[in-house]
Participant: 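Structure below; questions to follow.
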2 protein chains.
Amino acid sequence: MGTMDNEPTHACLGEQHAENGVAVQLPDPLVCARTAAIFRALGDVSRLSLLALLAQREMCVSELTEKLSDNLPAISQRLKLLRSERIVRSRRQGKHVYYSLADNHIALLISNGLEHGSEEPHG
Amino acid sequence: MGTMDNEPTHACLGEQHAENGVAVQLPDPLVCARTAAIFRALGDVSRLSLLALLAQREMCVSELTEKLSDNLPAISQRLKLLRSERIVRSRRQGKHVYYSLADNHIALLISNGLEHGSEEPHG
DNA sequence: AAAACAGTTGACGATTTCATCAACTATCGT
DNA sequence: ACGATAGTTGATGAAATCGTCAACTGTTTT
């Protein structure tokens with residue numbers, strides 16, 4: 001912390017971008033990979049619509065199919081992917097399989113995302 | 001359209017399925033589209049790593065290039081996509097273009113995601 | 001004005017992702 | 001046991017995505 005002249009905005013001054021203050025830390029590649037996988041899973045309109053329903057309450061596959069006006073195998077494929085990312089959990093009851101969001105954290109992520117998406121005017 | 005028959009085509013548990021209380025509301029397709037686009041943009045390891053750096057502070061393209069040990073056009077392409085989704089904003093200063101997260105909401109979304117990604121053991 | 005530096009862009013090929021369909025498993029009703 | 005209902009799965013083809021590279025713009029320096 002010398003008594004150097006401080007640039008107004010941090011600078012890629014003179015030669016290198018010299019860490020004026022705290023060093024930035026590179027994100028852990030494994031954490032990034034895992035997180036990106038989750039975001040990727042949420043980043044599809046049909047899957048996100050499905051999750052927006054599950055954010056309201058637990059539902060079985062056929063109800064999801066009905067509400068989303070889609071065919072059952074399509075919904076099941078999406079659920080399979082979401083399950084593989086531990087975004088949803090399933091529970092069988094008789095002939096039906098009920099799905100719900102895996103945890104509260106995911107629920108928050110989804111509702112925060114939707115909130116943002118509804119605020120932004122889309123470009 | 002003969003006799004009015006609004007029964008769902010399947011009964012599930014005879015009552016479970018039949019809106020026990022509040023009806024679920026279908027998500028707005030436009031909101032879903034916009035939100036999914038954002039999640040999709042976050043759902044890539046190289047972009048997310050980049051954003052994890054920008055979450056710490058504003059940086060110019062060449063600094064990002066340096067920190068991420070990548071080539072400049074690659075970084076610039078990613079930033080272009082992130083800009084088109086209004087996830088980052090840019091500001092030119094001399095020869096350099098500085099990037100930062102577009103708003104606080106995005107910053108929270110990213111840090112929440114990373115937090116989740118670091119908690120989960122990946123299966 | 002020219003060279004050098006910082007960054008952007010469009011295009012192309014390689015990979016990934018997505019929807020669809022047929023065939024499969026699982027549970028219930030009779 | 002048989003058929004009907006509920007859901008899963010693997011394969012296939014079509015579409016979107018990502019990295020790379022050459023060529024471009026914009027800014028500073030000499």
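The figures here come from the full heavy-atom set of this structure, side chains too, leaving out hydrogens, waters and symmetry mates. Small disclaimer: the values here were computed from a predicted structure and weren't measured. A note on names: the letters A, B, ... follow the listed sequences, proteins ahead of strands, and every chain is numbered from 1.
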Participant: Here's a test of your reading of the structure: between A/T65 and B/P73, which maps to the more 5' nucleotide of DNA chain D?
Facilitator: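 Residue closer to the 5' terminus by nearest nucleotide: A/T65.
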
Participant: Angle between ring planes, A/H116 versus B/H105, binned at 30° and 60°: parallel, tilted or perpendicular?
Facilitator: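 Plane angle over 60°, so perpendicular.
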
Participant: Specify the separation, in whole Å, of atom CG of A/N71 and atom P of C/dA22.
Facilitator: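 After rounding, the reported distance stands at 12 Å.
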
Participant: Determine whether a donor-acceptor pair (N or O, by modelled atom type, separation under 3.5 Å) exists between the side chain of B/R40 and the backbone of A/G43.
Facilitator: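 Judged by distance alone, yes, a pair lies under 3.5 Å.
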
Participant: Does the side chain of A/S76 get closer than 4.0 angstrom to OP1 or OP2 of D/dA6 through an N or O atom?
Facilitator: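 So the side-chain polar atoms of A/S76 never come under 4.0 Å of the phosphate oxygens OP1 or OP2 of D/dA6.
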
Participant: Can you tell me if the side-chain N/O atoms of A/H96 get under 4.0 Å from OP1 or OP2 in C/dT27?
Facilitator: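 So the side chain of A/H96 is outside the cut-off, no N or O lying under 4.0 Å from OP1 or OP2 of C/dT27.
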
Participant: Would you say C/dG7 has OP1 or OP2 under 4.0 Å from some side-chain N or O of B/S62?
Facilitator: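 Indeed, a polar side-chain atom of B/S62 lies that close.
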
Participant: Can you tell me how far C1' of D/dT8 sits from OH of A/Y98, to the nearest Å?
Facilitator: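 In whole Å, D/dT8 C1' lies 18 Å from A/Y98 OH.
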
Participant: Return the value, rounded to whole Å, for the distance between atom CZ of A/R78 and atom C1' of D/dG7.
Facilitator: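 The distance from CZ of A/R78 to C1' of D/dG7 comes to 15 Å, rounded to the nearest Å.
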
Participant: Between D/dG26 atom P and B/Q93 atom CD, what is the distance in whole Å?
Facilitator: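 Spelled out: CD on B/Q93 to P on D/dG26 is 19 Å.
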
Participant: Between B/L72 and A/Q77, which has a closest nucleotide on DNA chain C that is more 5'?
Facilitator: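 Its nearest nucleotide lies further toward 5', so the answer is B/L72.
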
Participant: Closest to the B/K95 side chain: D/dC18, C/dA6, C/dA11?
Facilitator: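 That would be C/dA6.
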
Participant: What's the CZ-P distance between A/R83 and D/dG7, to the nearest Å?
Facilitator: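 So the two atoms are 12 Å apart, to the nearest Å.
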
Participant: Other residues, nucleotides and ligands only: do more than 12 of their heavy atoms fall within 6.0 Å of CZ on A/R89?
Facilitator: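 No, because the 6.0 Å sphere around CZ of A/R89 holds 12 heavy atoms or fewer from other groups.
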
Participant: Short question: side chain of B/Q56, backbone of A/Q25 - any donor-acceptor pair under 3.5 Å?
Facilitator: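 Indeed, once roles are kept as given, a pair shorter than 3.5 Å links the two residues.
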
Participant: Could you state the atom-to-atom distance from CG of B/L68 to P of D/dG19 in whole Å?
Facilitator: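 Rounded to whole Å, this separation is 12 Å.
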
Participant: In whole angstrom, what separates A/I75's CD1 from C/dT20's P?
Facilitator: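 After rounding, the reported distance stands at 11 Å.
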
Participant: What is the distance from CG of A/L50 to P of C/dC18, rounded to the nearest Å?
Facilitator: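 Rounded to the whole Å, the gap is 13 Å.
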
